[in-house]
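Report on the following structure.
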Amino acid sequence: MSLAGDFERALDPATIFTAAGMVPDPWQAAVLRSTHPRQLLLCSRQSGKSTTVAALAVHSALFDPGLVLLFAPAQRQSTELFKKVTALYRSLPDVPEPVALTETRMELPNGSRIIALPGTEATTRGFSAPRLIVVDEASRTEDALYAALRPMLATTSTQADQGRMVCLTTPWGRRGWYFEQWEHGGDVWERTKITAHDCPRITPEWLAEERKLVGDFIFRQEYLCEFVDTEEQLFPTALIEQAVRPAGGPLWI
Ligand SMILES: Nc1ncnc2c1ncn2[C@@H]1O[C@H](COP(=O)(O)OP(=O)(O)OP(=O)(O)O)[C@@H](O)[C@H]1O
Ligand SMILES: [Mg+2]
């Protein structure tokens, strides 16, 4: 690796985008430059959220040697994210050849490993002290996955030593661990919300067409990032809450 390129990239993860011929959107640069150990990204379809965390994974593997774990609801999806990781890595002009590379795993000479896994609790076993955990399409992953991942980050002794966790998604109903953390998780998380209107690559004309095509319910979740009640639910959550707690008081007296 050239010293100058190496140094610039170490200092600014956003330069990994530049090397791949892309200019990061301001929110992408902010996410990449953040040093917050816990991040929730609630972003529209096609806004560039997976590319952002792929760059983060590359940066972490190069400059914070250790384990990087990529999760998504299904292996197919985490493999897709892994493809973005390897494509970005390949676009960097002066990085070392991986010592091992498969469809789901890359190992670098500095000992870093990036591994793509399906989002089940069972697959988390056997891994310890990751430097970075990424959960893509997080609202669609099981509560058991989140429960299994949290302790993995607590295994290091100091705050500075702690691994990072970045969870990205579009909303998927008003339930599940991601919804709970987004709404009620407090300030342990840094939150970034990017609707389709905030993405310079999505035009208003295209959005208007898409709204007609997918309908209001899906559009509000997928493009406006609203946690809307699930289609399966017969009554909206607010109505149920009103009915069971008429004066905002306790349910049981
Ligand atoms: N800053 C950028 N400049 C140019 N192109 C970008 C930028 N960020 C992302 N892209 C491109 O936009 C497309 C969508 O990116 P990406 O797959 O990361 O989005 P996403 O939000 O994860 O989408 P999905 O909702 O389908 O999962 C890709 O072709 C990606 O290369
Ligand atoms: Mg994606």
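Both ligands and their constituent atoms are indexed starting at 1 by order of listing.
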Exercise. Does a donor on one side chain and an acceptor on the other come within less than 3.5 Å for Gln28 and Thr52?
Worked result: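 Short answer, yes.
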Exercise. Judged by modelled atom types alone, do Gln221 and Thr170 share a side-chain donor-acceptor pair under 3.5 Å?
Worked result: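 No.
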Check for me whether [X] has a heavy atom closer than 4.0 Å to any atom of ligand 1.
{"X": "Cys43", "answer": "no"}
{"X": "Glu222", "answer": "no"}
{"X": "Ser44", "answer": "yes"}

For this session: Could you tell me which atoms of ligand 1, counted from 1 in the order shown, lie closer than 4.0 angstrom to a heavy atom of Phe17?
Result: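 Checking each atom against Phe17, I get 1 (N), 8 (N).
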Exercise. Which of the atoms of ligand 1 are close to Asp25, meaning less than 4.0 Å from one of its heavy atoms?
Worked result: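 Answer for ligand 1: 1 (N).
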Please state which protein non-hydrogen atom is closest to [atom] and give its distance, to 0.1 Å?
{"atom": "atom 25 (O) of ligand 1", "result": "Arg45 NE, 2.7 Å"}
{"atom": "atom 8 (N) of ligand 1", "result": "Gln28 NE2, 3.1 Å"}
{"atom": "atom 21 (O) of ligand 1", "result": "Lys49 NZ, 2.8 Å"}
{"atom": "atom 30 (C) of ligand 1", "result": "Thr51 OG1, 3.7 Å"}
{"atom": "atom 12 (O) of ligand 1", "result": "Arg201 NE, 4.1 Å"}
{"atom": "atom 22 (O) of ligand 1", "result": "Ser50 OG, 2.8 Å"}
{"atom": "atom 9 (C) of ligand 1", "result": "Gly48 CA, 3.6 Å"}

Problem set entry | N-O pairing of Asp198 and Lys193 below 4.0 Å |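 So Asp198 does not pair with Lys193 through a salt bridge.
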Exercise. In terms of side-chain geometry, is the basic nitrogen of Arg174 or Glu180 positioned less than 4.0 Å from the acidic oxygen of its partner?
Worked result: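 No, no charged N to carboxylate O under 4.0 Å.
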Problem set entry | Region of Val23 engaging ligand 1 - heavy atom pairs below 4.0 Å |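 Backbone only; the side chain of Val23 stays clear of ligand 1.
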Exercise. Do you know which two heavy atoms are closest between Val58 and Val85, and how far apart they sit?
Worked result: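 Shortest heavy-atom separation between Val58 and Val85 comes out as CG2-O, 3.6 Å.
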Exercise. Which pair of non-hydrogen atoms, one from Tyr178 and one from Ala138, has the smallest distance, and what is that distance?
Worked result: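 It is CD1-CB, 3.5 Å.
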Exercise. Any protein heavy atom lying closer than 4.0 Å to atom 17 (O) of ligand 1?
Worked result: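 Within 4.0 Å: yes, protein heavy atom nearby.
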Exercise. From atom 2 (C) of ligand 1, is the closest protein heavy-atom distance below 4.0 Å?
Worked result: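 Protein heavy atoms within 4.0 Å of atom 2 (C) of ligand 1 - there is at least one.
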Problem set entry | Non-hydrogen side-chain atoms of Asp64 and Arg164 separated by less than 4.5 Å |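 Heavy-atom side-chain distance check fails, nothing below 4.5 Å.
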For this session: Just go through Glu80, Glu137, Gln46 and tell me whose heavy atom is the nearest to atom 26 (O) of ligand 1.
Result: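 Comparing heavy atoms across Glu80, Glu137, Gln46, the nearest one to atom 26 (O) of ligand 1 lies in Gln46.
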Exercise. If you round to the nearest 0.5 Å, how far is CD1 of Ile133 from SG of Cys167?
Worked result: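 Result: 8.5 Å between the selected atoms.
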For this session: Could you tell me the separation between the CG atom of Asp216 and the CG atom of Leu224, rounded to the nearest 0.5 Å?
Result: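 The distance works out to 8.0 Å.
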Problem set entry | side chain to side chain donor-acceptor pair (under 3.5 Å) evaluation trace for Ser34 with Glu190 | CA-CA 9 Å; Ser34 167; Glu190 183 171 74; 2.6 Å; yes
Exercise. Angle class for the His184/Phe179 ring planes (parallel below 30°, perpendicular above 60°, tilted otherwise)?
Worked result: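 His184 and Phe179: perpendicular rings.
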For this session: Please find out if the Mg ion (ligand 2) and some N, O or S atom of Gln46 are separated by less than 2.8 Å.
Result: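 Within the cut-off used here (under 2.8 Å), Gln46 places no N, O or S atom near the Mg ion (ligand 2).
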